[in-house]
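Note on naming: letters A, B, ... go to the chains in the order of the sequence lines (proteins, then strands), and numbering restarts at 1 for each one.
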Number of protein chains: 2
Amino acid sequence: MLDVLRHVHLHPQTTRAELARDLGLSRGSAAEILARLRALDLVEETAAEPTGARGRPTRTVRRHERGPVVAAVDVSYESWRLAVAHLGGGLEPLRRERYGGQPAEDVLARISQALREARTAFGPRLRAVGVSMPGTVSGGRLVESATIGWRDVEVAERLRIAPVPVVIGNDATMAGVAEARRGAATGADVALHVAVEVGVGGVVLEHGRATTGSTGAGGEFGHLPFGDPDRPCPCGAHGCWDLEVDGRALARILGAPPPAAPRSAADAVLRRAGEGDPAALAAVDRVARNLGRGIGGLVNALDPRIVTLSGVAAALLDQAGDSVRAAYLSGLMRFRRHDPPPLIRAAFPRDGSLRGAAELAFDTVLSEAGLDSWRADVRPADARPAPETA
Amino acid sequence: MLDVLRHVHLHPQTTRAELARDLGLSRGSAAEILARLRALDLVEETAAEPTGARGRPTRTVRRHERGPVVAAVDVSYESWRLAVAHLGGGLEPLRRERYGGQPAEDVLARISQALREARTAFGPRLRAVGVSMPGTVSGGRLVESATIGWRDVEVAERLRIAPVPVVIGNDATMAGVAEARRGAATGADVALHVAVEVGVGGVVLEHGRATTGSTGAGGEFGHLPFGDPDRPCPCGAHGCWDLEVDGRALARILGAPPPAAPRSAADAVLRRAGEGDPAALAAVDRVARNLGRGIGGLVNALDPRIVTLSGVAAALLDQAGDSVRAAYLSGLMRFRRHDPPPLIRAAFPRDGSLRGAAELAFDTVLSEAGLDSWRADVRPADARPAPETA
DNA sequence: GCGATTATGCTCGTGAGGCGATCATAATAG
DNA sequence: CTATTATGATCGCCTCACGAGCATAATCGC
């Protein structure tokens with residue numbers, strides 16, 4: 001039953017016959033399971049459009065109009081977004097606000113307010129909240145963010161509305177989940193996502209499942225030792241890879257002071273390089289090599305089938321792809337070079353973290369416990385109007 | 001049923017009552033499942049020794065005398081071992097041979113011969129073979145071994161006897177499995193094992209499951225970029241961590257030529273350091289710091305709950321623990337320092353890889369498919385004598 | 001010793017969930 | 001219009017686990 005529901009979530013445009021084949025279910029079982037899912041307001045079935053093939057036409061399976069939804073929050077540099085996701089992964093943007101410079105408490109209060117409004121609008125259909133934060137997340141807390149400067153902020157508890165689960169994760173982790181499930185790494189058994197914004201984030205995904213370590217802080221690849229052991233990193237360690245591949249690295253190589261907004265600084269240098277500025281070109285090339293070499297090491301250590309890149313990493317792949325790839329190849333162990341995991345641009349450069357947050361939130365819905373609680377809420381089977389979004 | 005069998009495997013000295021409690025089974029289910037397992041010659045039950053407590057005494061559950069076994073092979077520097085493991089993890093050594101310098105084909109032929117003898121002795125009770133190799137394993141092949149010099153050797157196919165599955169893995173991976181399931185990292189949700197012999201190997205384990213990447217070559221942490229980008233590594237890359245923490249590093253720091261047997265060379269330097277030789281002490285200290293710093297980076301990236309160390313890494317922890325730990329702490333991101341994952345000596349410094357190979361081999365037995373095939377072999381229920389080891 | 005207490009094993013009815021066979025149905029092919 | 005084809009619907013069957021009630025084997029207290 002869960003398998004069927006998860007399959008519908010991952011393949012929203014499927015038919016009953018296809019579904020039974022993909023999951024190896026008999027037609028009898030499929031009929032029974034789908035009847036149960038229909039009774040629970042989880043899916044709807046309608047006659048499929050004629051395919052022109054012989055035989056009795058199958059039925060399409062779609063999410064139910066009043067099925068469960070989750071809220072997804074993406075906090076990024078100077079703005080945050082809230083969206084609602086339906087079964088199948090469809091996103092419905094609800095709100096976006098800029099918050100330049102406000103303290104964490106105020107921003108979280110605004111987000112919490114927006115979540116409560118969503119709860120009012122969707123009622124018990126809202127089953128979970130997923131939150132993406134631009135920094136290191138450990139045990140439900142944002143322990144440190146180089147991007148927005150927050151430090152040790154209790155996010156999960158702060159955004160808990162009603163009794164629904166709150167899932168919080170690093171933005172690169174979330175984006176990696178989105179890539180692995182519906183993006184550029186779909187179907188890969190093991191995928192590596194590498195995101196460069198301020199520093200390097202990333203995640204390893206096994207069959208779409210993020211391996212985030214024991215406290216959820218896994219994937220901080222930027223804080224592997226890489227460069228000058230005397231160069232201090234804001235994280236407290238020294239010589240972190242972080243410092244060699246982002247806007248700070250570009251500025252340092254160009255002899256400029258440390259930028260306040262490393263991501264925009266990186267974009268500016270990349271633009272200048274695109275216009276042919278030799279100093280910028282040299283800096284971009286050097287950083288591209290640092291990126292490629294580091295990714296090579298990660299591939300050696302983690303053995304992914306594919307590597308997806310986003311943010312500055314994707315831009316470097318576009319503008320200095322040869323340098324990235326050359327350093328990548330020469331950083332690989334020899335036996336890997338004849339068939340290296342490809343470096344691919346992320347499919348969701350803009351809203352990967354939001355999508356990933358929605359995916360992880362939906363994971364709690366598409367679980368034994370999530371299904372039980374939905375059953376309990378739906379069982380009274382009375383006409384609950386459940387106000388749709390106007 | 002599988003859950004019960006796995007529980008027996010992991011807790012060989014359990015009782016029926018304990019088992020039912022741990023797995024949340026009703027007494028009825030436990031009775032039924034154990035009856036089935038008994039009928040399949042998988043477990044035996046006997047009256048438990050009196051505990052002195054009130055109530056009807058429970059029964060002990062043990063592996064069946066003629067239950068399934070797996071063969072475990074551990075190939076290491078200049079010698080290999082073969083053992084047989086029973087349900088519960090008990091090892092029964094069968095053979096050990098030295099093979100200094102012989103070509104891979106000859107050594108594999110000897111091992112294959114020993115496996116066939118085991119097959120003859122145990123008959124259909126032998127269900128799987130696990131093989132630990134001292135080098136990089138990818139897709140069933142040993143692609144490269146700095147320790148024994150083999151290169152691109154098809155091991156899995158070469159050691160296939162009869163139709164039983166063959167599982168092959170890197171020695172550090174295998175040892176990590178053993179630590180996570182029955183050793184120093186038992187119970188950890190996420191564990192990191194780091195082994196230094198020739199170079200660095202390791203593995204991340206989630207609930208005892210090794211994350212070995214898409215081809216099985218994951219865990220080659222030694223080939224992360226770490227040191228001098230101009231120093232070539234035999235692997236083909238440059239500046240690998242490998243080169244900074246083993247016997248080669250110690251020799252280089254001491255101005256000695258590259259040792260032929262880096263592991264023994266490391267032991268020699270450690271011995272001299274233990275005797276107070278100042279040059280050796282300085283070299284050991286430097287290498288200890290390289291080790292600690294690298295582990296710090298790995299912990300940042302992978303977020304384990306515990307780190308187990310074996311080989312030279314364990315020796316360094318013994319002899320230069322302060323240096324290892326200091327470098328480890330200063331390599332950690334600041335938020336981790338107040339409660340860093342502990343660095344622990346491996347519980348199985350001698351036979352971790354052998355134990356791990358047995359564990360992974362047993363995983364194939366304790367699976368749906370493995371159980372089905374055992375059922376098919378046992379069902380005829382005739383008195384199959386199945387010669388026990390004399 | 002002997003009943004009371006306690007923890008466990010054993011048996012059996014129940015229910016969930018999936019499989020496969022069979023029949024019914026809705027499309028196309030000729 | 002009939003044959004063919006693929007699917008949906010229904011039903012009996014099987015497996016597996018649960019949980020209630022009874023049986024059993026130990027200790028405790030007298």
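Classified by interplanar angle (parallel below 30°, tilted 30° to 60°, perpendicular above 60°), the ring pair F122(A)/H86(A) is perpendicular.
Nucleotide dG9(C) holds its P atom 11 Å from the CZ atom of R38(B), rounded to whole Å. For L34(B) and dT8(C), the CG to P distance is 14 Å, given to the nearest whole Å. With rounding to whole Å, D3(B) atom CG is found 10 Å from dC18(D) atom P. Distance CG (L19(B)) to C1' (dT8(C)): 14 Å, rounded to an integer number of Å.
Closest-nucleotide positions on DNA chain D for R54(A) and E45(A) were compared, and the one nearer the 5' end corresponds to R54(A).
Atoms CG and CG, from L37(A) and L2(A) in turn, are 9.0 Å apart once rounded to the nearest 0.5 Å.
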Q: Using a 4.0 Å heavy-atom cut-off, write out nucleotides 12-25 of chain C from 5' to 3' as B (base contacted by protein), S (sugar-phosphate only) or - (no contact).
A: ------BBB---BB

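A sub-4.0 Å separation between OP1 or OP2 of dG8(D) and a side-chain N or O of T58(A) is present.
Salt bridge present: D363(A) and R181(A) bring a charged side-chain N and a carboxylate O closer than 4.0 Å. Salt-bridge check for R182(A) with E359(A): passed, with a basic side-chain N closer than 4.0 Å to an acidic carboxylate O. The pair E45(A)-R16(A) meets the salt-bridge criterion, with a side-chain N (NZ, NE, NH1 or NH2) lying under 4.0 Å from an Asp/Glu carboxylate O. Salt-bridge annotation for R127(B) and D377(B): present, with a side-chain N of the basic residue lying under 4.0 Å from a carboxylate O of the acidic one. Checked for salt-bridge contact, R36(B) and E32(B) meet the test: a charged N lies under 4.0 Å from a carboxylate O.
Within a heavy-atom distance below 4.0 Å of DNA chain D, the residues of residues 10-18 of chain A found are R16(A), A17(A).
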Hey, can you pull the donor-acceptor pairs under 3.5 Å for the side chains in residues 20-31 of chain B, sequence neighbours left out?
residue, atom, partner, partner atom, Å
D22(B), OD2, H7(B), NE2, 3.2
S26(B), OG, S29(B), N, 3.1
S26(B), OG, S29(B), OG, 2.8

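Closest to the side chain of A31(A), out of dT5(D), dT10(D), dA26(C), is dT10(D).
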